[in-house]
A.B. asks: 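Got a structure here, written out as structure tokens. Questions coming.
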Amino acid sequence: MNTNNEMPKAYEPADIENKWYPLWEQRGYFHGEANSEKKAYSIVIPPPNVTGILHLGHVLNNTLQDILIRWRKMQGYEVSWFPGTDHAGIATESKVEKTLRESGEPGRDELGREQFIEKVWSWREEYGGAIIKQLRKLGTACDWERERFTMDEGLNNAVRKVFVDLYNKGYIYRGQRMINWCPVAKTALSDEEVIYKDVDGKFYHYNYPLSDGSGVLQIATTRPETMFGDTAVAVHPDDERYKQFIGKTVDLPLTDRKIPIIADEHADPEKGTGCVKITPGHDPNDFMVGQRHDLDIIAIMNDDASLNAKCGAEFEGLDRLVARKKCVKMLEEQGLMVEIEDIKHAVGYSERGDVPIETLVSAQWFCNMKELAKPAVEAVKSGKINFHPQRWSKTYDHWMENIQDWCISRQIWWGHRIPAWYNDETNEIYVGLEAPSDGGSWTQEKDVLDTWFSSWLWPFSVMGWPEKTKTLEYFYPTCDLVTGPDIIFFWVARMIMAGCEFMGDIPFKNVYFTSIIRDDQGRKLSKSLGNSPDPLDVIDIYGADALRFSIIYIAPVGMDIRYSNEKCELGRNFANKLWNACRFRLMQGPVTEGFRDLSGVNHDLLTPDEKWIISWINEAIIMTNKSLEDFRFHYAVHEIYELVWSTFCDWFIETSKVRLFGNDEEKQQVLQVLDFVLFKILRLLHPFMPFITEELAHQMGFLTEEQTIMQESYPRPLANLNIPSIMEKDHDLLDLVEAKFQLVRAGRSLRANAGVPDGKKINYFIKATDQINADFLNSEIASLKILLKAGNIEISLIDYDVASHGAAPSQIANAGIIYLPLDGLIDLEEERKKLNKQKKELEGWIKGSIAKLSNEKFLSNAPEKVVSAAQGHLEEMKQKLERVESLISDLK
RNA sequence: GGGCGAUUAGCUCAGUUGGCUAGAGCACUUGGUUUACACCCAAGUUGUCGGGGGUUCAAGUCCCUCAUCGCCCACCA
């Protein structure tokens, strides 16, 4: 127990944060046991990329999860937060390639598959998972014993089993289809990995001569270089302009081919010239047109998006953009180009490569999602899974109901290799957990699976599936998922499908979608803009607690957050405030025994102020728990901020000083109340600010060295404890306390307006509203004096004697009128102006109020409560007006 | 083309089923070396709740409409 009062004046987080985390981890506080008697609470982390480093998005996301974990743990759940990283196929592969290139080592292709993969593994050993270490700086209570990696052996088993199952069900198939191709990573991509950007482009109008020499057809395209893959020109069947040409052919320029003119509804007469070139090998729409008309598919590109031999010697090997220019030039030379129009249009970009993707026909593995989607849609619709904010379920529904087949194969090496084998002789395909053992000659599929094909199993693969583990039995399904709305399709939707399919149960009950963090000008955070602060720097300056607290405090519900480092001052200042409140308390003496339950105090002897603070702590406990239940984190934080700073520090500590410096009996009682409230505050705040609350709970002597606040209970409404429900019992008394504080504010205002320095003791005269207030204020005279820094306060039921003392500035409060006698130094003109302004305002309100209350419809329709409140309010204003009027006449 | 969100104090945002005189932080002004805290204390200043219409006794809150900004989806050749 710490009884010294040598706490530094300002809170310095660095040492304290570095001290506690290793202790927590070593003592196993973060671990949840699967065989507990307690109720389970679990979360799986959205696994950050193994190449990733901590950024503010992670800070927000993981702080929220940590709040939930610590809160539930303190509530008595057996909790486990499953951490880990994602192997991030394309990102990691290109990262390692880049590293090799920069260090002059042999590259990917020189190394060959096996050696390259070894390199990736060793890179991961050395540099990968930096983010995991960085998370510890944030204070995250992850169950590190359970850390997983999407490429570890267990997860690989899960992936293979899922692939085989879905293949056997007929959902997974291999086929030739139009896919998205990244020419940088040289791999297929799923539709979700394509980002559409509006870019400046050109719309080329040029002529295809009719083979019979009877004229030309003018077509329009943004990509002339794809003409080498054209196998038709389409016009709309009802387009009168072109009907006569249907069935004829045109001479495809720059080639020696003739291609037919076909009628297809895909051709939009309104668009361009109404004639559209059909390139079934390189455009999804044209592909479908091609299928309808049985057109040839000509693939004209190499895997790096340069043109291939099909385009002729002049074009072979040229990059698509170079080829485009050349095409245009040649068409111009041949007099075929008619017009080049500047347009803005949407172009698909590869997420990683940041270059336009190509759509092309390729043999890939696909997963048909239609059946998988059905129960997943139902799970959200029925409310088994809840989205917060709820509106995201609409986005989810829309995508799920239009779900397309998922292209799951990738032409890279770093990933789960597809468990399919081709028979070298018969080309037969075998799919299984292991290679076929029939002695035949089989070659395994070279492609690996999309990274998300392992991530979508995360909620149960981290628990050991497909083994039937105790962990799985106890912790599955998880409770809450915290993630960004940007991966709702990539990850959230797919996890729900996988959970329903393979576990027969949803993977989580709630999904909380975080805000997106922007800089204070509203721009996205990015390395290239240099507006992405390093959270570790922020933690160095302000502390992890401050960063956590601030980011939650400023996070609007379901909207973008505008962040700047300066905003962390809020959290730092708050931590310092709390620190000093505790420091002040310790200066008054060692901890009292009643800090848990006020056991050393006769509850009947509690003063009004003490009852007041206890009722407020009760209120804060109720609100904080409720807010967390509803995922309204910022509410909870605001609630606690207000409680600590305003309610506790500004009012209760200040008013308690009179008793702290009074007799010993009074002092002992108020110390107990201070301890009781502070220990509740520390526990209430712990999930948000884990370090400082742990430190202070020890500094204060609430906990012994062997104990931790993590294992203390989260505050529950006091009605559940053995403390009388003060709120109900003493309602009127609490109103009197509030009225006292209001009167204090009025008195301070008088002092400030009169320009009397704070240090100078002054006298006040109070005319109480009635006997009850008079009695109460008299009993609180010592408190009033200290709050008002007054020398003497006279409380009376009789009017202030203007005749003998001269007029004095005054303020009206509910408890009474407070006067500041200034020995005639009053500025009568100012005072009159102030009172007349008040009078006018009051008259306005009274007028409105009377009108409202004489409205029959209001009286009959509004609820009783509202009507009586309005009546009470009117009475109040009328009385106040009377007082103002009498004060005005006093000034004459 | 569809869908979603935003618009409240100088700035960033609260304002949960409509109900007392619309709030907070920051910023700003004035005063303060009060025996916790200047990362502080006290007192202040700042609002046609984006425009218009409607429902209602009552609208920042519900409905319609317009405007501006942002995001997502969709095959705009």
Side-chain angles (χ1 to χ4, degrees), chain A residues 7 9-11 178 196 203 219-223 226 234 266-268 271-273 275-279 283-288 343 345-346 359 389 391-392 394-395 398-399 402 485-486 488-489 516 520 522 542 546 553-564 566-567 569-588 626-627 630 632 634-635 638 641-642 649-650 653-654 657 661 745 748-753 755-759 786 789 841 844-845 848-849 852 855-863 865-867 869-870 872-874 876-877:
Chain A
M7 286 170 71
K9 235 174 147 171
Y11 174 55
M178 182 67 65
Y196 286 90
F203 205 23
I219 60 95
T221 180
T222 54
R223 300 203 54 192
T226 61
H266 165 62
D268 181 351
K271 217 172 270 177
T273 58
C275 299
V276 55
K277 64 195 264 310
I278 301 298
T279 321
D283 181 279
N285 288 310
D286 294 2
F287 180 74
M288 287 186 285
I343 56 159
H345 62 147
T359 45
R391 65 185 144 84
W392 290 109
K394 214 165 180 170
T395 308
H398 184 256
W399 187 73
N402 297 289
D486 49 332
I488 188 166
F489 307 138
I516 290 165
D520 51 3
Y542 297 100
Y553 190 96
I554 64 172
V557 223
M559 290 193 321
D560 297 350
I561 298 181
R562 297 204 170 198
Y563 173 90
S564 64
E566 295 71 50
K567 288 187 173 166
E569 288 176 10
L570 180 124
R572 179 200 58 185
N573 295 353
F574 179 67
N576 191 58
K577 187 75 183 175
L578 182 69
W579 178 262
N580 273 288
C582 288
R583 179 164 165 264
F584 171 75
R585 164 61 192 84
L586 270 191
M587 288 167 115
Q588 314 310 318
K626 188 174 179 335
S627 301
D630 297 343
R632 293 148 73 98
H634 71 296
Y635 258 61
H638 281 253
Y641 185 92
E642 173 78 14
C649 291
D650 290 349
I653 288 189
E654 291 308 319
K657 281 177 180 172
F661 308 150
R745 274 191 213 101
R748 286 169 176 172
S749 179
L750 285 174
R751 172 200 287 267
N753 289 341
V756 182
D758 276 6
I786 202 161
K789 301 188 201 324
E841 279 171 2
W845 286 328
S849 187
K852 190 172 170 186
N855 183 337
E856 280 298 323
K857 286 180 174 172
F858 174 67
L859 294 175
S860 53
N861 289 329
K865 207 174 75 186
V866 174
V867 175
H873 187 221
L874 177 59
E876 219 172 83
M877 288 191 294

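Convention: sequence-line order gives letters A, B, ...; per-chain numbering from 1.
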A.B. asks: Measure from the side-chain heavy atoms of A:Lys852 and tell me the nearest of B:C13, B:G19, B:A14.
C.D. replies: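 Closest nucleotide among those given: B:G19.
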A.B. asks: As a test of reading the structure: which of B:A36, B:A14, B:C37 is closest to the side chain of A:Phe584, going by heavy atoms?
C.D. replies: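 Within the option list, the nearest is B:A36.
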A.B. asks: Would you mind classifying the nucleic acid contact of A:Cys582 as base, sugar-phosphate or nothing, using non-hydrogen atoms under 4.0 angstrom?
C.D. replies: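 Touches nothing.
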A.B. asks: In whole angstrom, what separates A:His638's NE2 from B:U16's C1'?
C.D. replies: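 Atom-to-atom, A:His638 to B:U16, this comes out as 15 Å.
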A.B. asks: I'd like the P distance from B:C13 over to B:A74, given in whole Å.
C.D. replies: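 B:A74 and B:C13 have their P atoms separated by 29 Å.
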A.B. asks: Does B:A77 have OP1 or OP2 under 4.0 Å away from a side-chain N or O of A:His345?
C.D. replies: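 Affirmative; the distance criterion is met.
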A.B. asks: What's A:His873 touching, base or sugar-phosphate or nothing? Going by heavy atoms closer than 4.0 Å.
C.D. replies: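 It contacts base atoms.
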A.B. asks: Output yes when a side-chain donor or acceptor of A:Asn580 lies under 3.5 Å from a complementary backbone atom of A:Asn576, and no otherwise.
C.D. replies: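 Here the side-chain-to-backbone pair exists.
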A.B. asks: Between B:G5 and B:U17, how far apart are the P atoms? Round to whole Å, please.
C.D. replies: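 To the nearest whole Å, 15 Å.
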A.B. asks: Describe the nucleic acid contact of A:Arg223 in one word from base, sugar-phosphate, nothing, applying a heavy-atom distance below 4.0 Å.
C.D. replies: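 No contact.
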A.B. asks: Is it the case that the side chain of A:His634 and the backbone of A:Ile554 share a donor-acceptor pair, with hydrogens and angles ignored and the cut-off at 3.5 Å?
C.D. replies: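 Checked: no pair found.
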A.B. asks: What is the distance, to the nearest angstrom, from the CZ atom on A:Arg751 to the P atom on B:A42?
C.D. replies: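 Checked: the CZ to P distance equals 13 Å.
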A.B. asks: For A:Ile554, answer base if it contacts any base atom (sugar-phosphate contacts may also be present), sugar-phosphate if it contacts only those atoms, and nothing otherwise; contact means non-hydrogen atoms under 4.0 Å.
C.D. replies: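 Nothing, no heavy atom under 4.0 Å.
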A.B. asks: Base, sugar-phosphate, or nothing for A:Glu654, non-hydrogen atoms under 4.0 angstrom?
C.D. replies: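 Base, at least one base atom sits under 4.0 Å.
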A.B. asks: Has the side chain of A:Asn285 got a donor or acceptor atom sitting under 3.5 Å from an opposite partner on the base of B:C75?
C.D. replies: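 It does, because a donor-acceptor pair links the side chain of A:Asn285 to the base of B:C75 below 3.5 Å.
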A.B. asks: State whether A:Asn573 places a side-chain N or O below 4.0 Å from either non-bridging phosphate oxygen (OP1 or OP2) of B:C40.
C.D. replies: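 Indeed, a polar side-chain atom of A:Asn573 lies that close.
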A.B. asks: Roughly, in whole Å, what's the span from NE2 in A:His266 to P in B:C76?
C.D. replies: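 The answer, rounded to whole Å, is 10 Å.
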A.B. asks: Considering only B:A43, B:A36, B:U21, which nucleotide approaches the side chain of A:Met877 most closely?
C.D. replies: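 So the nucleotide nearest the side chain must be B:U21.
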A.B. asks: Please determine if a side-chain N or O atom of A:Lys626 lies less than 4.0 Å away from the OP1 or OP2 oxygen of B:U16.
C.D. replies: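 Negative; the distance criterion is not met.
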A.B. asks: Let me know the distance between CH2 of A:Trp579 and P of B:C37, rounded to the nearest Å.
C.D. replies: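 It is 14 Å, rounded to the nearest whole Å.
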A.B. asks: Nearest heavy-atom pair of A:Cys649 and A:Ala581: which atoms, and what distance?
C.D. replies: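 Closest approach of A:Cys649 to A:Ala581: SG-CB, 3.9 Å.
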A.B. asks: With heavy atoms under 4.0 Å as the rule, sort A:Asp650 into base, sugar-phosphate or nothing.
C.D. replies: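 Answer is sugar-phosphate: A:Asp650 comes under 4.0 Å of backbone atoms only.
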A.B. asks: Does the side chain to side chain contact (heavy atoms under 4.5 Å, CB included) test come out yes or no for A:Arg748 and A:Lys789, once each step is laid out?
C.D. replies: CA-CA 9 Å; A:Arg748 286 169 176 172; A:Lys789 301 188 201 324; over 6 Å; no
A.B. asks: Output the distance between atom CE (A:Met7) and atom CZ (A:Arg585), rounded to the nearest 0.5 Å.
C.D. replies: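 Going from CE on A:Met7 over to CZ on A:Arg585, the span is 11.5 Å.
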A.B. asks: Check every atom of B:A42, B:C37, B:C57 against the side chain of A:Arg748 and return the nucleotide holding the closest atom.
C.D. replies: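 The listed nucleotide nearest to A:Arg748's side chain is B:A42.
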A.B. asks: Quick one: does any side-chain atom of A:Lys567 pair with a main-chain N or O of A:Arg562 as donor and acceptor, under 3.5 Å?
C.D. replies: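 Pair found, side chain donor or acceptor close to backbone of A:Arg562.
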A.B. asks: Categorize A:Lys567 for me: base, sugar-phosphate, or nothing, with a 4.0 angstrom heavy-atom threshold over every strand shown.
C.D. replies: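 Result for A:Lys567 = sugar-phosphate.
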A.B. asks: Which whole number of Å gives the distance between the C1' atom of B:A59 and that of B:G53?
C.D. replies: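 Roughly 14 Å separates the two C1' atoms.
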A.B. asks: Need one value for A:Arg572: base, sugar-phosphate or nothing, where a base atom within 4.0 Å counts as base even if backbone is also close, heavy atoms only.
C.D. replies: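 Base contact.
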A.B. asks: CD of A:Glu876 to CH2 of A:Trp845: how many Å apart, nearest 0.5 Å?
C.D. replies: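 CH2 of A:Trp845 is found 11.5 Å from CD of A:Glu876.
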A.B. asks: Counting side-chain heavy atoms from CB outward, which of B:A36, B:U16, B:A77 is closest to A:Arg632?
C.D. replies: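 Within the option list, the nearest is B:U16.
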A.B. asks: I'd like the P distance from B:U46 over to B:A22, given in whole Å.
C.D. replies: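 13 Å, rounded to whole Å.
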A.B. asks: Taking atom P in both B:A77 and B:C4, what distance in whole Å separates the two?
C.D. replies: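 26 Å, rounded to whole Å.
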A.B. asks: Look up atom CG in A:Asn285 and atom NE2 in A:His266, then write down how far apart they are to the nearest 0.5 Å.
C.D. replies: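 Taking CG in A:Asn285 and NE2 in A:His266, the distance rounds to 4.5 Å.
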A.B. asks: Which of these nucleotides, B:U12, B:G25, B:A36, is closest to any side-chain atom of A:Ile653?
C.D. replies: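 In terms of side-chain proximity for A:Ile653, the closest of B:U12, B:G25, B:A36 is B:A36.
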A.B. asks: Please report the distance, rounded to the nearest Å, between CG in A:Asp630 and P in B:G15.
C.D. replies: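 Rounded to the whole Å, the gap is 12 Å.
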A.B. asks: Check every strand shown and say whether A:Asn855 touches a base, only sugar-phosphate, or nothing at a heavy-atom separation below 4.0 Å.
C.D. replies: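 Sugar-phosphate contact only - A:Asn855 comes under 4.0 Å of backbone atoms but never of a base.
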A.B. asks: Heavy atoms from C-beta onward define the side chain here; which of B:A43, B:C4, B:G25 lies closest to that of A:Arg391?
C.D. replies: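 Nucleotide nearest to A:Arg391's side chain: B:C4.
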A.B. asks: For RNA chain B, report each stem as range with range, ordered by first number, or say none. Use Watson-Crick or G-U wobble pairs under 3.5 Å, at least 3 in a row.
C.D. replies: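 RNA chain B stems, ordered by first number: B:1-7 with B:67-73, B:10-13 with B:23-26, B:28-32 with B:40-44, B:50-54 with B:62-66.
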A.B. asks: Would you say B:G44 has OP1 or OP2 under 4.0 Å from some side-chain N or O of A:Ser749?
C.D. replies: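 Yes, A:Ser749 has a side-chain N/O under 4.0 Å of OP1/OP2 on B:G44.
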A.B. asks: Students often get this wrong, so: under 4.0 angstrom with heavy atoms, is A:Pro485 touching a base, only sugar-phosphate, or nothing?
C.D. replies: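 No contact at all - A:Pro485 keeps every heavy atom at 4.0 Å or more from the nucleic acid.
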A.B. asks: Assign A:Tyr563 to base, sugar-phosphate, or nothing according to its heavy-atom contacts below 4.0 angstrom with the strands shown.
C.D. replies: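 Since no nucleic acid heavy atom lies under 4.0 Å of A:Tyr563, the category is nothing.
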A.B. asks: Applying a 4.0 Å non-hydrogen cut-off, can you work out what A:Tyr196 is touching in the nucleic acid: base, sugar-phosphate, or nothing?
C.D. replies: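 Touches nothing.
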A.B. asks: Rounded to the nearest angstrom, tell me the gap between atom CG in A:Asn861 and atom C1' in B:C57.
C.D. replies: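 Atom-to-atom, A:Asn861 to B:C57, this comes out as 6 Å.
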A.B. asks: Applying a 4.0 Å non-hydrogen cut-off, can you work out what A:Ala870 is touching in the nucleic acid: base, sugar-phosphate, or nothing?
C.D. replies: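 Result for A:Ala870 = nothing.
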A.B. asks: Compare the minimum distances between each of B:C37, B:C57, B:G25 and the side chain of A:Ala862, then state the nucleotide with the smallest one.
C.D. replies: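 For the A:Ala862 side chain, the nearest candidate turns out to be B:C57.
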A.B. asks: On a whole-Å scale, what distance lies between the P atoms belonging to B:G54 and B:U61?
C.D. replies: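 Comparing P positions in B:G54 and B:U61 gives a spacing of 14 Å.
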A.B. asks: Just N and O in the side chain of A:Lys577: are any of them under 4.0 Å from OP1 or OP2 of B:C41?
C.D. replies: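 Yes, A:Lys577 has a side-chain N/O under 4.0 Å of OP1/OP2 on B:C41.
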A.B. asks: A:Tyr641 side chain: which of B:G15, B:G25, B:A77 is closest?
C.D. replies: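 The answer is B:G25.
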A.B. asks: Once you round it to whole Å, what is the distance between C1' of B:U35 and CD1 of A:Ile786?
C.D. replies: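 It works out to 10 Å between those atoms.
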A.B. asks: Determine the interatomic distance between P on B:U16 and the same-named atom on B:C63; round to the nearest Å.
C.D. replies: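 These two P atoms come out 14 Å apart once rounded.
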A.B. asks: Check for me whether A:Lys577 meets the cation-pi criterion with A:Tyr641, that is, NZ or CZ under 6.0 Å from the six-membered ring centre and within 45 degrees of the ring axis.
C.D. replies: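 Cation-pi check for A:Lys577 and A:Tyr641: fails.
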A.B. asks: Please determine if a side-chain N or O atom of A:Lys789 lies less than 4.0 Å away from the OP1 or OP2 oxygen of B:U34.
C.D. replies: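 So the side-chain polar atoms of A:Lys789 never come under 4.0 Å of the phosphate oxygens OP1 or OP2 of B:U34.
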A.B. asks: Can you tell me how far CZ of A:Phe661 sits from CD of A:Gln588, rounded to the nearest 0.5 angstrom?
C.D. replies: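 That separation rounds to 5.0 Å.
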A.B. asks: Between B:A42 and B:A27, how many Å separate the two P atoms, rounded to a whole number?
C.D. replies: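 Their P atoms lie roughly 16 Å apart.
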A.B. asks: Regarding B:C4, can its base be found pairing with the side chain of A:Lys394 as donor and acceptor, where the two atoms are less than 3.5 Å apart?
C.D. replies: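 Flag unset: no donor-acceptor pair detected.
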A.B. asks: From C-beta outward on A:Asn576, which listed nucleotide comes closest to its side chain: B:A43, B:G19, B:C39?
C.D. replies: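 The answer is B:C39.
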A.B. asks: Let me know the distance between CG of A:Asn402 and C1' of B:G3, rounded to the nearest Å.
C.D. replies: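 Rounded to the whole Å, the gap is 12 Å.
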A.B. asks: Indicate, with a heavy-atom threshold strictly under 4.0 Å, whether A:Ala267 touches base, sugar-phosphate, or nothing.
C.D. replies: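 A:Ala267: base contact, heavy atoms under 4.0 Å.
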A.B. asks: Ring-plane angle category for A:Tyr553 and A:His638, please: parallel below 30°, perpendicular beyond 60°, tilted otherwise.
C.D. replies: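 Judged by the thresholds at 30° and 60°, the geometry between A:Tyr553 and A:His638 is parallel.
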